[in-house]
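The figures here come from the full heavy-atom set of this structure, side chains too, leaving out hydrogens, waters and symmetry mates.
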Amino acid sequence: MTIADTSQPAELRDLKPDAATFLADVLRGLSQPQKRLPCKYFYDKRGSRLFDRICELDEYYPTRTELAIMWCHVREMAQCLGPRCMVTEYGSGSSLKTRLLLEAMVEPAAYAPVEICREHLIAAAKSLARQFPQVRVLPICADFTSEFELPECGTNVRRKAVYFPGSTIGNFERPAAERLLRGMATLVGPGGGLLIGVDLLKDRRILEAAYNDSEGVTAAFNLNLLARINRELGADFDLDAFTHLAYFDEGKGRVEMHLVSKCSQMVTIAGRTMQFARGERIHTENSHKYTIEGFDELAGAAGWLPVFTWLDQDRLFSVRYCKAR
């Protein structure tokens, strides 16, 4: 077994952004005319747990729909990856879908989960190492949008592939999405694979319900970003003075999440004061929705050849397999 059951995996590569980077990103985002916060900072320990709860909600269709697609087609997906494949998962989270994939694969050579939340990563990596003792589990704590190198895993690897489930690609605007996909193509090399979840355009009511659940878990997830800034950067956000807002922008083909100031207020972050007007928004996340053709165009521009598409019967979600040119 690669990872012992200790406080930290022996082969963990820790490239997590430090507090100075976090602070710089927060101050830069909140200094813009349209205040912003990077959605990658949602995922501290509590944020990761809240997102796991979101994935179980009745309104949040992407997780159960993607899982249903995988249950039906995972052996076909594994055949695309082929034997002795090293799989790198971007934003691995709890790695629920990964278990199905590794079970179906023939002689998987290695699995490298890349996750920004160290605690979540360590727990998932240990669990996977116990379940798949024949697979080298090589966790990387990093922001997957930054450059990182894969660990050396010997000569047993026949090919490399990236696994990117959950439609996280939707969080990125077109130029950033293209850069990310192009970086994946470079990582796996010519002939390498990409297995990716892509959420599809659909009725506004379904989309807006998914990001405004009746239990308020998504709202808590959004507000937890301010709680994290308070805790880690010494800020004084009053969480009760902000409210969650999510809506579908049809013109841009995306769901937007915001935090809205309920009143005129001042917030201090690391000695710097920020003014918020009543009704002013902090843009925290986008979730772009694609057509099949729209994602094909994006993937092609980033150096990928779309090969297979798997859909649920209601065409809510897709899983795509692409090959690097």
Side-chain angles (χ1 to χ4, degrees), residues 1-3 9 43 48-49 51-58 60-115 117 120-140 144 153 157-170 184 188 192-200 210 295 306-323:
M1 184 182 298
T2 299
I3 298 178
Y43 299 97
S48 295
R49 289 176 176 173
F51 184 72
D52 285 346
R53 286 182 58 197
I54 289 170
C55 292
E56 297 171 354
L57 295 169
D58 289 342
Y60 194 74
Y61 64 87
T63 302
R64 66 173 179 272
T65 307
E66 187 175 17
L67 274 169
I69 293 170
M70 292 199 69
W71 277 112
C72 291
H73 302 288
V74 69
R75 297 202 175 277
E76 299 166 37
M77 298 173 189
Q79 288 174 359
C80 289
L81 298 176
R84 303 211 311 265
C85 181
M86 177 181 182
V87 176
T88 301
E89 182 174 359
Y90 280 44
S92 55
S94 298
S95 301
L96 178 61
K97 302 168 195 127
T98 313
R99 299 171 195 274
L100 296 177
L101 187 61
L102 291 175
E103 284 176 352
M105 290 175 65
V106 176
E107 297 180 45
Y111 169 64
V114 185
E115 170 63 46
C117 178
H120 221 54
L121 174 67
I122 290 171
K126 286 181 181 178
S127 177
L128 282 164
R130 286 193 295 268
Q131 185 175 352
F132 300 98
Q134 76 282 11
V135 179
R136 288 194 69 189
V137 179
L138 304 166
I140 303 169
F144 62 71
C153 55
V157 177
R158 179 177 291 181
R159 66 199 303 263
K160 296 177 182 178
V162 166
Y163 183 38
F164 197 32
S167 197
T168 307
I169 190 64
M184 293 175 179
V188 301
L194 169 64
L195 187 64
I196 182 170
V198 182
D199 200 5
L200 301 177
F295 181 76
V307 180
F308 289 108
T309 302
W310 297 277
L311 301 166
D312 63 288
Q313 63 180 7
D314 296 320
R315 299 180 68 91
L316 296 176
F317 199 90
S318 67
V319 178
R320 313 295 304 275
Y321 178 74
C322 305
K323 188 174 181 179

Give a yes or no on whether the backbone of Leu316 and the side-chain of Asp314 come within a donor-acceptor separation of less than 3.5 Å.
no

Shortest non-hydrogen contact from Ile169 to Gly197?
CG2-O, 4.0 Å

With sequence neighbours excluded, what pairs up with Asp52 under the side-chain hydrogen bond (donor to acceptor under 3.5 Å, both in side chains) test?
Ser94, His120

Hey, could you give me the OG/OH distance between Ser48 and Tyr43, rounded to the nearest 0.5 Å?
7.5 Å

For Pro165, which residues count as a side chain to side chain contact (heavy atoms under 4.5 Å, CB included) partner, sequence neighbours excluded?
Glu66, Glu89, Lys97, Tyr163

With Arg159, which residues qualify under side-chain hydrogen bond (donor to acceptor under 3.5 Å, both in side chains), at least two apart?
Tyr321

Measure the shortest side-chain to side-chain distance between Val188 and Leu194 over non-hydrogen atoms and say whether it is less than 4.5 angstrom.
no

Looking at side-chain heavy atoms only, is the closest gap between Pro139 and Ile122 below 4.5 Å?
no

Gln134 atom CD, neighbour heavy-atom count above 12 within 6.0 Å
yes

For the residue pair Ser318 and Leu200, what are the closest heavy atoms and their distance?
OG-CD2, 3.7 Å

Within the 4.5 Å heavy-atom criterion, are Arg320 and Phe308 side-chain neighbours or not?
no

Results of ring-ring contact (aromatic ring centres under 6.0 Å, His included) for Phe144 - residues two or more places apart only:
Tyr90, Phe164

Quick one: pull up CG in Leu195 and OG1 in Thr98 and give me the separation to the nearest 0.5 Å.
10.0 Å

Kindly compute the distance separating OG1 (Thr63) from CG (Leu57), expressed to the nearest 0.5 Å.
9.0 Å

Is any side-chain heavy atom of Pro306 closer than 4.5 Å to a side-chain heavy atom of Phe295?
no

Can you find a heavy atom in the side chain of Lys160 that is under 4.5 Å from one in the side chain of Cys85?
no

Going by the rule side-chain hydrogen bond (donor to acceptor under 3.5 Å, both in side chains), which residues pair with Tyr61 if we only count those two or more places apart in sequence or in a different chain?
Asp199, Lys202

Would one find more than 12 heavy atoms of other residues, nucleotides or ligands at under 6.0 Å from atom CZ of Arg99?
yes

Excluding sequence neighbours, so at least two apart, what forms ring-ring contact (aromatic ring centres under 6.0 Å, His included) with Phe317?
none

Run the side chain to side chain contact (heavy atoms under 4.5 Å, CB included) test against Glu103 and tell me which residues pass, sequence neighbours left out.
Leu100, Gln131, Phe132

Contact between Leu121 and Pro113 at the side-chain level, heavy atoms closer than 4.5 Å - yes or no?
yes

All salt bridge (charged side-chain N to carboxylate O under 4.0 Å, His left out) counterparts of Glu115, not counting sequence neighbours
none

Mind listing the closest non-hydrogen atom pair of Met86 and Val157 along with its distance?
CB-CG1, 3.9 Å

Acceptor/donor pairs from residues 67-81 side chains to any protein atom, 3.5 angstrom cut, sequence neighbours excluded:
unit_1 : atom_1 : unit_2 : atom_2 : d
His73  : ND1    : Glu76  : OE2    : 3.1
Glu76  : OE1    : Trp310 : NE1    : 2.8

Under the rule for side chain to side chain contact (heavy atoms under 4.5 Å, CB included), what residues qualify as partners of Asp58, not counting sequence neighbours?
none

I want to check something: taking the side chain as every heavy atom from C-beta on, are Val319 and Val198 in contact at a cut-off of under 4.5 Å?
no

Could you tell me whether the side chain of Val162 reaches within less than 4.5 Å of the side chain of Ile196, counting heavy atoms only?
no

